[in-house]
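Atoms within a ligand are numbered from 1 in the order they appear, just like the ligands themselves. All residue numbers refer to positions in the sequence shown, counting from 1. None of the values given here were measured: they were computed from a predicted structure.
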Amino acid sequence: MSMYINTRGNAEPVSSCEAVYSGMAPGGGLFVPRSVPRYSMEELQTLESLSYPELAAAVLNALMDDYPGPVLRDFAAKAYGRPAWGGDAGPAPVKMIGGGLGFLELFHGPTAAFKDMALQIMPYLLTYAAQRTGDGKEILILVATSGDTGKAALEGFKDVPGIKIAVFYPNGGVSPVQEAQMNATDGRNTYVCAVEGNFDDCQNGVKAVFGNEEMIRLLDGRGVRMSSANSINWGRLAPQIVYYFHAYFALSQQKRVQWGAPVNFVAPTGNFGNILAGWYAKQMGLPVHKLICASNMNHVLTDFFQTGIYDRNRPFYYTNSPSMDILISSNLERLLFEMSGRDGEMIRDWMGGLAGKGRFQVGGTVKKAMNEVLWAGFATDEEGSDMIREIYEQNHYVMDPHTAVGMAVYEQYRNQTGDETLTLIDATASPFKFSGSVLAALGHPAAERNEFETLKILSDFTGEPAHPALLGLEERPRRRFCRRDEMEPMILSILDSDSGTD
Ligand SMILES: *Cc1c(COP(=O)(O)O)cnc(C)c1O
């Protein structure tokens, strides 16, 4: 059976259901597979022509075999079928723009950002895990969001019986459209709260609640157990591995890549979930040459991969790629665990340094191992905007500001390394989700109008239909607000309330 171990060592392995149900491992660690299954190229060939839902079920079954195959096929069919994903292209179409470069579009789900790729299936994985391993308690999902996870999680968990979900986002740290999307939630069990602070404050607040024994006891007394829908939950990360396989198969079927030849992927990175899923795909046998980690001005990861020093003591920037405005990338811990030779003590040491001094340093061997697969760079808002204009003018392809950071960093990579390997950039959000920034980059005079108007203007200007989920949005009053140190009382008041929309 697939078992999961704790990055901080010192714990009994658990089943995948238990890993998903718990969200986080004891002592602040994360769950990782005890052994990563590996496909041969022959085995991959048998998966090549599967539909997205079929492939998702197969890959998830390889990683989490205590979920029976038929159950996973049922979940994947519900999660990745129409109508949520609209169009004929399926959930993750590949669009080539020539020159050995293309985009893996991950934003066709119900909330127009790539978080849907995982959050459409995760509620099924979690409710199943709760039924299998749970004690009949009500589940309270806590989510910290830099903008996109929040709405995707609210959609995914909306009206799921036995579950309440509370989303915390940084006040003023998300775009107007993101804020409107979240506050427009209409689930009976969905709660949204703005927090005074930035994303890291929200994430630290949620992590602190998970680690607070008193809070755990208090909730236990009320028949409630907490879990997480952030990418620290393995049930969130695993479904993201699927689209890397699917993309490769699409390239092969389009005869863009010779079967077995490696490709590069570029991931606009924040919490390190997306790129880590690519790393797992490579471990599972997918021919990947380099994974390129693209950051915005909050380039703590670029510096880390270049120097081996992770240092969050630096200014925090609010950029026009807000979903990447993060200084503590939680999923890096999983990569570090593998790169350190699975040394739980080392991880405790490093993460202790990060929590205490905001800093840690890895040794030369670990750094070298990371650099063999990962290349990192960052781009400013201006460099991203230049890319949006350039690629639109040259290729008539419209990128959102996050994808544009990926594109800008890919240019640096190609200039510095001369590597001409076929490359896909993860297109993580619909450009219509950030229409003001995109119009500004394209030099359109209406860029300053409010985002609910610029959406339509961008659609007219580019001749592309806006993502349907974004049409009809309007400014919404904030539902709830709290200070950083008020998240626990807020959670208790949410538990007392009967409906998220009251
Ligand atoms: C969440 C998000 C990212 C960052 O992804 P991680 O998995 O957190 O690294 C990038 N772009 C967009 C649009 C996102 O929503």
Study note, to complete from the structure: for atom 6 (P) of ligand 1, nearest protein heavy atom and its distance come out as Asn271 N, 3.5 Å

Check your understanding: Does Ser231 come within less than 4.0 angstrom of ligand 1, counting non-hydrogen atoms of the residue?
Key -> no

**Study point:** Partner of Phe304 under ring-ring contact (aromatic ring centres under 6.0 Å, His included), chosen from Phe378, Trp350, Phe360
**Key:** Phe360

Check your understanding: Counting both backbone and side chain atoms, is some N or O of Phe114 under 3.5 Å from an N or O of ligand 1?
Key -> no

Review point. Are any of the N or O atoms of Asp400 closer than 3.5 Å to those of ligand 1?
Key: no

Point to revise | Identity and separation of the nearest protein heavy atom to atom 10 (C) of ligand 1 | key: Pro268 O, 3.3 Å

Point to revise | Protein residue, atom and distance nearest to atom 7 (O) of ligand 1, heavy-atom basis | key: Asn274 N, 2.8 Å

**Study point:** Sub-4.0 Å atoms of ligand 1 with respect to non-hydrogen atoms of Gly273
**Key:** 6 (P), 7 (O), 9 (O)

Study note, to complete from the structure: One finds that the ligand 1 atoms under 4.0 Å from a non-hydrogen atom of Asp148 are 12 (C), 13 (C), 14 (C), 15 (O)

Practice item. Kindly indicate whether the side chain of Tyr317, heavy atoms from C-beta on, has any atom under 4.5 Å from the side chain of Thr380. Key: no

Practice item. Using a strict cut-off of less than 4.0 Å between a Lys/Arg side-chain nitrogen and an Asp/Glu carboxylate oxygen, indicate whether Arg414 and Glu411 qualify as a salt bridge. Key: no

Point to revise | Of Tyr243, Trp234, Tyr244, the residue whose pairing with Tyr280 passes ring-ring contact (aromatic ring centres under 6.0 Å, His included) | key: Trp234

Exercise for review: Would you check if the distance from the ring center of His246 to the ring center of Tyr52 is below 6.0 Å?
Suggested key: yes

Point to revise | Any donor-acceptor N or O pair under 3.5 Å, side chains Asn296, Asp325 | key: yes

Practice item. For residues Gly436 and Thr454, report the shortest heavy-atom separation together with the two atoms involved. Key: N-OG1, 3.6 Å

Check your understanding: Which of parallel (below 30°), tilted (30 to 60°) and perpendicular (above 60°) describes Phe316 and Tyr318?
Key -> perpendicular

Review point. Less than 3.5 Å between some nitrogen or oxygen of Thr269 and one of ligand 1, yes or no?
Key: no

**Study point:** Identity and distance of the protein heavy atom lying nearest atom 11 (N) of ligand 1
**Key:** Thr428 OG1, 2.9 Å

Review point. What part of Phe272 sits under 4.0 Å from ligand 1 if we count only heavy atoms: the side chain, the backbone, both or neither?
Key: backbone

**Study point:** Nearest-contact summary for atom 14 (C) of ligand 1 - protein heavy atom, Å
**Key:** Lys115 NZ, 2.8 Å

Review point. Side chains of Thr7 and Glu333: donor-acceptor distance under 3.5 Å anywhere?
Key: yes

Practice item. Within a distance under 4.0 Å of any heavy atom of Met324, pick out the atoms of ligand 1 and give their elements. Key: 10 (C)

Study note, to complete from the structure: Residue, atom and distance of the protein heavy atom nearest atom 9 (O) of ligand 1 read Gly270 N, 2.7 Å

